[in-house]
Amino acid sequence: MSINKKEAQLRDDICRICAMMYSRGLIRGPSGNVSARLSDDRILLTPGGVMKFDLNPDQLIIVNLDGERIGPYNDINRDLKPTSELPMHLEVYRRRPDVGGVVHAHTSYVVALTVAGLTLRPQVLTEGMLFLGVVPTAPYGTPTTIELSDSIVEFIPDHDTIILPYHGSITFGHDVWQAFSRTEVIEQVAEIQYFANQLGGEKQLSKSNIEKMIELRKKYKHNLPSDYKLLED
């Protein structure tokens, strides 16, 4: 299989990220999926039903923005199919031309918050405010169905991280590494929020300090229209 340097690097990056997700408990078994934009209309992504901790770059699949597989085929990936969460990834790429990578993980602390009926608060961690901004929780959608991709549509334009109740999270960024970093940060935020609740509850940061974090987001060009909702209690 002949591939160019960019594609070869992205294949390696996706496999490394999948292994890191598994080692850090962000996914289990064959769960989770990762994709990267190869070009305006080509997406490289993980196959479904495959353990991610030891993914082979040749197992990755290429589709167009209509979800049609376009190759290349090899002895390793010939019988594999794209992840069942493909429609969710495609919605992001169609609606956010600036996005170069998407990560979907089954983040345990994040899921626990949704099961408890709690809202994630990036305000408990400075890096949460800086790298995530406001994080909405989508309506529940059945995994592997169009319900799931439909559930996130309204949030894609103004957010880089979305919580999927009873399921996990989906994060995106200008490349696959930024998307992955947001997955790590959202799980850390949820973990801190969990422990803060065990220790008597959150002592909220002042609005003036939150405003400073919003300004930092602008400086580092992470800002989105929803940022000022961080000031709402």
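Note that these values count all heavy atoms, side chains included, but never hydrogens, waters or copies made by symmetry.
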If you group Ile, Leu, Val, Met, Phe, Trp and Tyr by side-chain heavy-atom gaps below 4.5 Å, do [X] and [Y] land in one group?
X	Y	answer
M88	V99	yes
I146	L45	no
V176	V50	yes
L224	L120	no
Y220	L132	yes

| field | Working for side-chain contact (heavy atoms from CB on, under 4.5 Å), residues V34 and V102 | value | CA-CA 6 Å; V34 180; V102 176; over 6 Å; no
Short N-O contact, [X] and [Y], less than 4.0 angstrom:
X	Y	answer
E211	K207	no
E215	K218	yes
R95	E91	yes

Any non-hydrogen side-chain atom of [X] less than 4.5 Å from a side-chain atom of [Y]?
X	Y	value
R121	E202	yes
V63	L44	no
T119	L113	no
D75	D58	no
P87	L148	no
L38	I43	no
I163	V111	no

Strictly distance-based, threshold 3.5 Å: is any side-chain N or O of [X] a donor or acceptor partner for the main-chain N or O of [Y]?
X	Y	answer
R182	F172	yes
E127	V189	no
Q123	L230	yes
R11	P57	yes
K52	P30	yes
T142	T145	no

Starting at [atom1] of [X], measure out to [atom2] of [Y] and round the result to the nearest 0.5 Å.
X	Y	atom1	atom2	answer
L80	Y73	CG	OH	11.0 Å
S151	Y140	OG	OH	10.0 Å
L164	S169	CG	OG	7.0 Å
D227	M213	CG	CE	10.5 Å
M129	L205	CE	CG	5.0 Å
L60	E7	CG	CD	9.0 Å

What closest approach, in Å, do [X] and [Y] show between heavy atoms, and which atom pair accounts for it?
X	Y	answer
P47	L55	CD-CD1, 4.3 Å
P82	I61	N-CD1, 3.6 Å
G101	A179	O-CB, 3.5 Å
P122	V135	CG-CG2, 4.0 Å
L130	R217	O-NH1, 2.8 Å
V134	P136	O-CD, 3.6 Å

| Over 12 foreign heavy atoms within 6.0 Å of OH, Y194 | no
| Heavy-atom neighbours of D40 CG exceed 12 at 6.0 Å | no
So, using side chain to side chain donor-acceptor pair (under 3.5 Å) as the criterion, who are the partners of [X] when residues are at least two apart?
X	result
T161	none
E232	none
R96	D98, D160
N197	none

Does a donor on one side chain and an acceptor on the other come within less than 3.5 Å for [X] and [Y]?
X	Y	value
S35	Y93	yes
D41	S39	yes
T83	T46	no
N77	R69	yes

| field | Ring-ring centroid check H104 H167, cutoff 6.0 Å | value | yes
| query | Looking at residues at least two apart in the chain, or sitting in another chain, which of them share a salt bridge (charged side-chain N to carboxylate O under 4.0 Å, His left out) with K203? | reply | none
| said: With side-chain contact (heavy atoms from CB on, under 4.5 Å) as the criterion, how do L90 and D66 come out once you've worked through the C-alpha distance, each side chain's angles and the decisive distance to 0.1 Å? | reply: CA-CA 8 Å; L90 293 178; D66 293 321; over 6 Å; no
| What is the ring orientation for F180 with W177, classed by angle as parallel under 30°, tilted 30 to 60°, or perpendicular over 60°? | perpendicular
Pairs of donor and acceptor atoms involving the side chains of residues 21-29, under 3.5 Å and at least two apart or interchain, shall be tabulated with distances.
| from | atom 1 | to | atom 2 | distance (Å) |
| --- | --- | --- | --- | --- |
| S23 | OG | A19 | O | 3.4 |
| S23 | OG | M20 | O | 3.0 |
| R24 | NH1 | E184 | OE1 | 3.4 |
| R24 | NH1 | E184 | OE2 | 2.1 |
| R28 | NH1 | G25 | O | 3.3 |

